[in-house]
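Shown next, in structure tokens, is the structure this report addresses.
Below, each value reflects all heavy atoms present in this structure, side chains not excepted, and no hydrogens, waters or symmetry copies. All residue numbers refer to positions in the sequence shown, counting from 1.
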Amino acid sequence: MVRQGVGRLYLILACLSLALHLFLVLFCLSVLQTSCLLQPTSSSSISSSLSGAAPHDRQGSSSHKPLPGHQNGVTARSAHIDHRDKASFDMAVETGKDRKLIGAGTATKMAHGHSKLEALFSHPLYNLPWPPLLEDDWLLKLKPKKKNGEDSKEEEWESDKSSEDSEWQSDSKEEGYDQANWTSSTETHPPWLSYHLGITRWELYDRKDPNVAEVIQQMATQPILSAVQKSGGTQLKLIVSFPNYGQALLKPMRQGRDAETDVNLFYFSDFERHNAEIAAFHLDRVLGFNRIPPVVGRLINVTAEIRGITTDHKLSRTFYTSPVGNVCFHGQCEYYCTTESPVCGRPQVLEVSLASMLPDLSLAPRRTWRSPWRRSYSRTKLAPWEKNPDYCVKVKETPPYSEGTRLVDFIDMVVLDFLMSNMDRHHYETFEKFGNETFLLHLDNGRAFGRHSVDEPSILVPLRMCCRIRRSTLMRLRLLSLPGHRLSDVMRESLSRDPLDTVAPLLSEPHLTALDRRLATVLQAVNSCMGHHDNVIHDDLEENAAHRNIGQ
């Protein structure tokens with residue numbers, strides 16, 4: 001009887017235990033279901049990505065952790081904004097039309113397989129139609145034969161409208177140069193000439209123009225027939241010529257790719273970098289600006305392709321052989337042209353960047369503009385914009401920033417400079433023919449990509465002060481913050497197509513990671529502007545559509 005009682009007791013306890021476990025399971029399932037219902041929807045995840053926070057799907061990758069100050073993909077600041085700021089924050093993320101346009105490239109991405117760069121350039125935001133080009137919107141054009149001593153500052157060669165047989169022939173007898181025979185037919189033009197003839201009021205080149213790719217290819221492969229030092233500037237640069245009369249600006253390798261700028265150096269004391277010029281061209285193109293002349297990297301033989309062919313006697317006198325047998329030279333310039341800072345081959349091979357030259361100033365004069373946010377270039381003095389928080393109010397009232405698109409053109413350049421950490425933008429240029437209604441040339445980027453571990457907030461001051469940006473620029477920046485088109489990924493792929501990438505990556509991974517980090521900072525700055533200002537967005541998309549309708 002006792003054993004039967006104990007057995008019944010054990011059975012009762014087992015039943016109670018099973019019931020308790022079932023209760024706990026049901027309770028846990030209920031809690032988990034509730035927490036799942038409280039997770040952000042996919043729409044809010046997209047919004048947090050577009051606002052500049054770390055994309056939601058990066059959490060599974062150890063190499064892309066959320067940035068400090070972010071909580072679940074949303075900035076800490078946005079978690080504490082008031083109702084007015086919250087409404088503005090939502091507006092800053094995207095409108096319905098923007099969301100539709102940004103998302104229009106998803107199918108394109110899948111169609112192009114694993115190439116994020118091709119998918120990016122196939123996206124509607126990179127294929128927006130321009131207003132119709134009028135005759136005065138072309139920088140250069142072939143002209144009819146002039147009579148009675150008429151002169152023009154346009155192309156110097158002549159073509160008779162009534163005959164395709166009219167020619168421009170070179171009288172050069174120098175060895176190695178092509179026997180030029182150019183007619184009014186574009187088929188006879190070398191790629192660099194076709195590239196020059198394609199420059200318009202709105203962009204330096206059309207990304208789809210096959211002549212641009214051909215210019216890059218020829219700069220990387222054609223024999224160098226002449227090399228002379230370029231006058232002016234603070235550091236050594238050479239102008240080299242090719243058989244088809246094309247020319248390029250050569251900047252030599254001065255330091256390794258992974259060498260960060262010394263923290264004790266001022267921005268104006270830094271070496272220029274050949275890889276920075278190459279990377280700047282690719283970044284400018286990825287951003288959709290198309291305002292930097294085509295640039296390519298190349299390995300050259302210092303002895304055969306500079307010393308042995310130069311007619312520049314001042315340059316040739318600066319060549320010497322270093323104690324370890326490397327061929328070195330330093331040229332003559334204002335800074336860094338001494339035996340203490342030479343350019344040296346290994347022992348004769350040297351990495352260089354080659355930037356295609358713009359049309360000669362006699363054909364296409366350019367105007368130089370002093371940047372309103374120019375630095376003082378002093379170790380002790382501050383620039384006016386560093387002392388006056390309302391400095392942009394004065395700039396907005398001053399021509400050419402008081403009308404037209406000059407201010408948002410300048411902000412485009414500010415975004416580019418911040419992403420690549422270029423503090424040396426003291427001046428910029430425009431083509432004189434187009435007056436104030438044209439793009440800005442983004443030239444001379446050798447001091448970019450100096451540091452990857454530190455971001456320079458002062459570069460972004462014009463955006464924060466003026467709170468003005470193009471809609472098309474902002475939408476492309478948002479697109480580049482998404483995982484499918486991540487800026488670092490498309491830049492890595494774009495740079496991999498340069499010949500020097502076979503030697504070593506042109507930008508190290510820390511520099512590529514810094515691009516994503518800085519892009520998030522730019523988007524956060526725009527969000528902050530929209531939370532406190534009206535009329536932040538310059539709607540160039542609607543403006544271009546209106547121009548197209550007028551043209552039709």
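In this structure, Y336 has its ring center under 6.0 Å from that of F271.
The local environment of CD in E437 is sparse, with at most 12 non-hydrogen atoms from other residues, nucleotides or ligands closer than 6.0 Å. By the 6.0 Å contact criterion, CD on E403 is open, its count of non-hydrogen atoms from other residues, nucleotides or ligands being 12 or less. With a 6.0 Å radius and a threshold of 12 heavy atoms from other residues, nucleotides or ligands, R497 has its CZ atom above the threshold.
Here the closest heavy-atom approach between residue H313 and residue S316 is recorded as O-OG, 2.9 Å. For Y428 against L441, the heavy-atom pair with the smallest separation is CB-O, 4.3 Å. Closest heavy-atom contact between D136 and K433: O-CE, 3.8 Å. In terms of heavy-atom proximity, F242 sits nearest to I224 at CE2-CG1, 3.9 Å. In terms of heavy atoms, Y245 sits closest to D178 at OH-O, 3.1 Å. Across all non-hydrogen atoms, the minimal contact from G331 to L236 is CA-CD1, 4.0 Å.
Rounding to the nearest 0.5 Å gives a distance of 5.0 Å between CG of L487 and CG of L515. Taken to the nearest 0.5 Å, the CE atom of M413 stands 16.0 Å off from the CZ atom of F418. Between the CG atom in L350 and the OG1 atom in T303 there is a gap of 10.5 Å [rounded to 0.5 Å]. The CG atom of N445 lies 4.0 Å from the CD1 atom of I292; values are rounded to the nearest 0.5 Å. Here H485 contributes atom NE2 and K116 contributes atom NZ; the two are 9.0 Å apart, rounded to the nearest 0.5 Å. Considering CH2 of W385 and OG of S376, their distance stands at 8.5 Å, rounded to 0.5 Å.
Ring geometry, Y320 versus H330: the interplanar angle falls from 30° to 60°, so the pair is classed tilted. Taking the six-membered ring where the residue is Trp, H511 and H452 present perpendicular rings, their angle passing 60° and hence far from 30°.
In terms of modelled atom types and a separation under 3.5 Å, the side chain of Y126 and the main chain of R476 share no donor-acceptor contact. In terms of modelled atom types and a separation under 3.5 Å, the side chain of T310 and the main chain of V228 share no donor-acceptor contact. Judged by distance alone, the side chain of D312 and the main-chain N or O of Q229 form a donor-acceptor pair under 3.5 Å. The backbone N or O of D137 sits nowhere less than 3.5 Å from a side-chain atom of R201 that would complete a donor-acceptor pair. In this structure, the side chain of D540 engages the main chain of S472 through a donor-acceptor pair within 3.5 Å. For the pair D284 (side chain) and N290 (backbone), a donor-acceptor distance under 3.5 Å is present.
If you run side chain to side chain contact (heavy atoms under 4.5 Å, CB included) between H282 and each of L287, V490, L495, only L495 comes through. Applying the side-chain hydrogen bond (donor to acceptor under 3.5 Å, both in side chains) test between D444 and each of R425, H427, K251 identifies K251 as the sole match. When each of L238, L250, L249 is tested with K230 by the rule side chain to side chain contact (heavy atoms under 4.5 Å, CB included), just one qualifies, namely L249. Applying the salt bridge (charged side-chain N to carboxylate O under 4.0 Å, His left out) test between R298 and each of E305, E351, E277 identifies E305 as the sole match.
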>> Checking H196 against L363 for the side-chain contact (heavy atoms from CB on, under 4.5 Å) test, could you report, in this order, the C-alpha distance in whole Å, the side-chain angles of both residues, the deciding distance, and whether it holds?
In response: CA-CA 11 Å; H196 285 176; L363 305 176; over 6 Å; no
> After noting the C-alpha distance and the side-chain angles of I300 and I306, does the key distance pass the side-chain contact (heavy atoms from CB on, under 4.5 Å) rule?
Replying inline: CA-CA 9 Å; I300 66 168; I306 299 181; 3.6 Å; yes
> Between T473 and L477, is a side-chain contact (heavy atoms from CB on, under 4.5 Å) present by the stated rule, with each step listed?
Replying inline: CA-CA 6 Å; T473 298; L477 293 176; 4.1 Å; yes
> What's the verdict on side-chain contact (heavy atoms from CB on, under 4.5 Å) for L506 and R257, showing C-alpha distance, side-chain angles and the deciding distance?
Replying inline: CA-CA 7 Å; L506 284 158; R257 290 165 172 64; 3.8 Å; yes
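F121 carries R207 over the face of its six-membered ring, with the cationic atom under 6.0 Å from the centre and within 45° of the normal.
Under the rule for a salt bridge (charged side-chain N to carboxylate O under 4.0 Å, His left out), the partners of E429 that lie at least two apart in sequence or sit in another chain are R366. In this view, S453 and E260 satisfy the side-chain contact (heavy atoms from CB on, under 4.5 Å) rule, not counting sequence neighbours. Judged as a side-chain hydrogen bond (donor to acceptor under 3.5 Å, both in side chains), and not counting sequence neighbours, the contacts of S241 are Q247. Listed by chain and residue number, I216, M219, A220, L354, D498, P499 satisfy the side-chain contact (heavy atoms from CB on, under 4.5 Å) test with V296 (two or more places apart in sequence, or in another chain). Residues passing the side-chain contact (heavy atoms from CB on, under 4.5 Å) test with T200 are L133, W138, W202, E203, sequence neighbours excluded. Remark: H426 pairs with Y377 by the ring pair (Phe, Tyr, Trp, His ring centres under 6.0 Å) rule, at least two apart or across chains.
A donor-acceptor contact closer than 3.5 angstrom links the side chains of S362 and D360. A donor atom on one side chain and an acceptor atom on the other are not found under 3.5 Å apart for T318 and Q332. For the residue pair W192/S356, the side-chain donor-acceptor check at 3.5 Å is not satisfied.
With salt bridges taken as basic N to acidic carboxylate O contacts below 4.0 Å, one links E135 and K141. Taking a cutoff of 4.0 Å between a charged side-chain nitrogen and a carboxylate oxygen, D424 and R375 do not qualify as a salt bridge.
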